[in-house]
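In what follows, a single structure is set out as structure tokens and then discussed.
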Amino acid sequence: MGNDRLIYFRTDGNRQIASGHLVRCLSVAFACLQLDMKVCFLISDRESQDLLTGILRSSSLNLPASFSVIRLKTAAFDHPDQELPEVLSLLTPVADCAVYFLDSYYVTKSYLSALRPLIKIAYLDDLKLFDYPVDLLINYDIVSAKAMPAFKSSYRNASRLLLGASYTPLRVQFQNKETPVREQASHILITTGASDPYHFCLKFINKICDTIFYHSPDSSLEKNKALIDPKAYQSLTLHIVIGKFNTDKEILRQLAREFPCLMLHENISDMASLMQTCDLAVSAAGTTLYELCALGLPTISFTMADNQLSSARAFEDAQLIPYAGDIRDNPESVFQAILKFLTSMSLCLENNITKNPDFFKPYYSQRTVIHTRMRQLIDGKGAYRIALSLRELAKEHQK
């Protein structure tokens, strides 16, 4: 009886935690619902609850009665051990037919060890902080065949492993879609996720708008003249995604009113469709890079948090998405790398008015190659593969 199986998702999303944790858990949850399993989200605070509610509202999916959300009374997202008595009390009556799915960077070995005798545990990992004592370990990092044996050795305490990009839990909207490769690249996507604590969007817009409208021999950008030509950006449109917790919203709106090349996007319900209208992307590292890969949209990444570093480096090592650097360390270097990428991948320049039909072929060909390689890595079925394994885990516990 599929409906007897219950998957608890324990995760959060707030100003301190990227919304991607909620998003990827929801992707797996939707796949579980399709397999006739019940789903319950456990979250720790009002902000996480509101963010989850907003994501669900924008998903336009009809949620069945088998989907529920519980806000834990004793939880703090960064101190999981204090919620253990409440969680144990909640799980004990259903432990023989349930799986506890965790997605938290704050999880401790003591937390997992306390739960494992009671219930089957699945853990979605990015950081390899310790050898997790769980029944199912998922890590969808990009790992080469040569590096896989060493990668597996980090998880000796896990009973079963789901490793590699084929287990990427993409949202439904990113499945079976791709971005067309246009001859001329002129639409650029800029996204930092739900928050932008280092004001990346604002600084990048100022950099680009300076380049377009204020470049002069006396400009502070003169030192970058080899990388930046204002004529290269005059036909570009920048699509800026403003996250829920972006504190620069009003300033960005003022800039958009001043500069017609800026288009702001808030409360996006269908990010895949927006990405499909773009030719290139600049993105904070994380889950978004996998989504961009699934659509085949040539991208450059940057980081602004420690948990984004491994993702950024993995995509660069795979020669799929170059890494511009960490905005916390050297912002100027990051912006130079991004501008160089846009220049090399788009280029309009003054030749944008050229009559020569062959002018854009090198740029088009380069983007086509990258598009194909990105699409080959991610097929969009990762969430379903994870859900199948969760169902099997629940079945094993029932025997």
Side-chain angles (χ1 to χ4, degrees), residues 181-182 184-193 196 198-242 248 251-252 255-256 258-265 275 278-285 288-289 292 297-304 308 312-313 315-316 319-352 359-360 362-367 370-371:
V181 183
R182 302 171 186 89
Q184 191 172 338
S186 57
H187 290 267
I188 315 299
L189 180 75
I190 314 293
T191 178
T192 65
D196 188 1
Y198 298 95
H199 312 284
F200 177 88
C201 289
L202 182 59
K203 292 175 181 177
F204 185 71
I205 288 173
N206 284 334
K207 184 76 69 175
I208 289 288
C209 291
D210 244 8
T211 301
I212 297 174
F213 297 104
Y214 303 120
H215 191 82
S216 70
D218 297 324
S219 170
S220 61
L221 291 174
E222 182 64 21
K223 61 184 177 183
N224 298 332
K225 197 169 184 178
L227 300 180
I228 305 170
D229 188 323
K231 296 174 183 176
Y233 300 98
Q234 287 175 347
S235 64
L236 296 184
T237 299
L238 302 183
H239 296 266
I240 314 295
V241 178
I242 302 179
D248 298 321
I251 301 175
L252 292 170
L255 283 170
E258 183 177 355
F259 299 118
C261 63
L262 304 180
M263 291 190 65
L264 305 186
H265 304 270
M275 289 179 178
C278 295
D279 305 298
L280 297 168
V282 179
S283 175
T288 305
L289 298 189
L292 290 161
L297 183 59
T299 301
I300 186 168
S301 77
F302 66 93
T303 54
M304 54 184 183
Q308 297 174 336
R313 290 167 180 160
F315 276 97
E316 181 169 65
Q319 298 182 331
L320 290 171
I321 298 177
Y323 173 45
D326 196 308
I327 196 70
R328 299 171 296 179
D329 297 334
N330 191 340
E332 188 62 29
S333 174
V334 171
F335 290 129
Q336 286 189 36
I338 292 171
L339 291 170
K340 187 173 182 178
F341 169 81
L342 296 179
T343 300
S344 66
M345 294 296 289
S346 54
L347 228 70
C348 314
L349 291 174
E350 67 269 22
N351 290 296
N352 199 22
F359 175 75
F360 292 104
Y363 308 108
Y364 171 79
S365 177
Q366 186 178 5
R367 292 196 310 277
I370 294 174
H371 168 91

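Sequential numbering from 1 along the given sequence is applied to the chain's residues.
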* Asked: Are any non-hydrogen side-chain atoms of Leu342 and Ile338 less than 4.5 angstrom apart?
  -> yes
* Can you tell if the side chain of Leu189 reaches within under 4.5 Å of the side chain of Ser283, non-hydrogen atoms only? -> no
* Report yes if some heavy atom in the side chain of Asp326 is under 4.5 Å from a heavy atom in the side chain of Val334; otherwise report no. => no
* To do: Compare every heavy atom of Ile300 with every heavy atom of Pro322, then report the nearest pair and how far apart it is.
  => O-CG1, 3.3 Å
* Asked: How many angstroms lie between atom SG of Cys261 and atom NE2 of His239, to the nearest 0.5 angstrom?
  -> 10.5 Å
* Asked: Hey, does Ile370 have a side-chain heavy atom less than 4.5 Å from the side chain of Val181?
  -> no
* Using a strict 4.0 Å threshold on nitrogen-to-oxygen distance, state whether Lys207 and Glu332 make a salt bridge. => yes
* Spatial distance of atom CD1 (Ile205) from atom CG (Leu264) [nearest 0.5 Å] -> 6.5 Å
* Distance in Å, Gln336 CD paired with Thr343 OG1, rounded so as to fall on 0.5 Å steps -> 11.0 Å
* Got Asp279 and Ser186 here, is their nearest side-chain heavy-atom distance under 4.5 Å? -> yes
* Look up atom CG in Leu202 and atom CG in Asp248, then write down how far apart they are to the nearest 0.5 Å. => 5.0 Å
* Asked: Is it the case that Thr192 and Tyr198 place a side-chain donor and acceptor less than 3.5 Å from each other?
  -> no
* N/O donor-acceptor pair under 3.5 Å between Asp196 side chain and Cys201 backbone -> yes
* Minimum heavy-atom separation for Met304 to Arg328, with atom names? -> O-CD, 3.6 Å
* To do: Return yes if some donor-acceptor pair links the side-chain N/O of Gln308 with the main-chain N/O of Ala285 below 3.5 Å, else return no.
  => yes
* Close side-chain approach of Ile321 and Phe341, heavy atoms under 4.5 Å -> no
* Structure fact -> Heavy-atom closest pair (Met345 atom, Ala185 atom, distance to 0.1 Å) is O-CB, 4.3 Å
* Do the side chains of Thr299 and Thr288 get nearer than 4.5 Å, heavy atoms only? -> no
* Evaluate the criterion side chain to side chain contact (heavy atoms under 4.5 Å, CB included) for residue pair Leu252 and Leu262; output intermediate values, then yes/no. => CA-CA 9 Å; Leu252 292 170; Leu262 304 180; over 6 Å; no
* **Donor-acceptor under 3.5 Å (Arg182 side chain, Cys278 main chain)** => yes
* **Single hit among Phe200, Phe315, Phe335 for ring-ring contact (aromatic ring centres under 6.0 Å, His included) with Phe302** => Phe200
* Tyr363 versus Ser344, closest heavy-atom pair with distance -> CD2-O, 3.3 Å
* After noting the C-alpha distance and the side-chain angles of Arg367 and Leu280, does the key distance pass the side chain to side chain contact (heavy atoms under 4.5 Å, CB included) rule? -> CA-CA 9 Å; Arg367 292 196 310 277; Leu280 297 168; 3.8 Å; yes
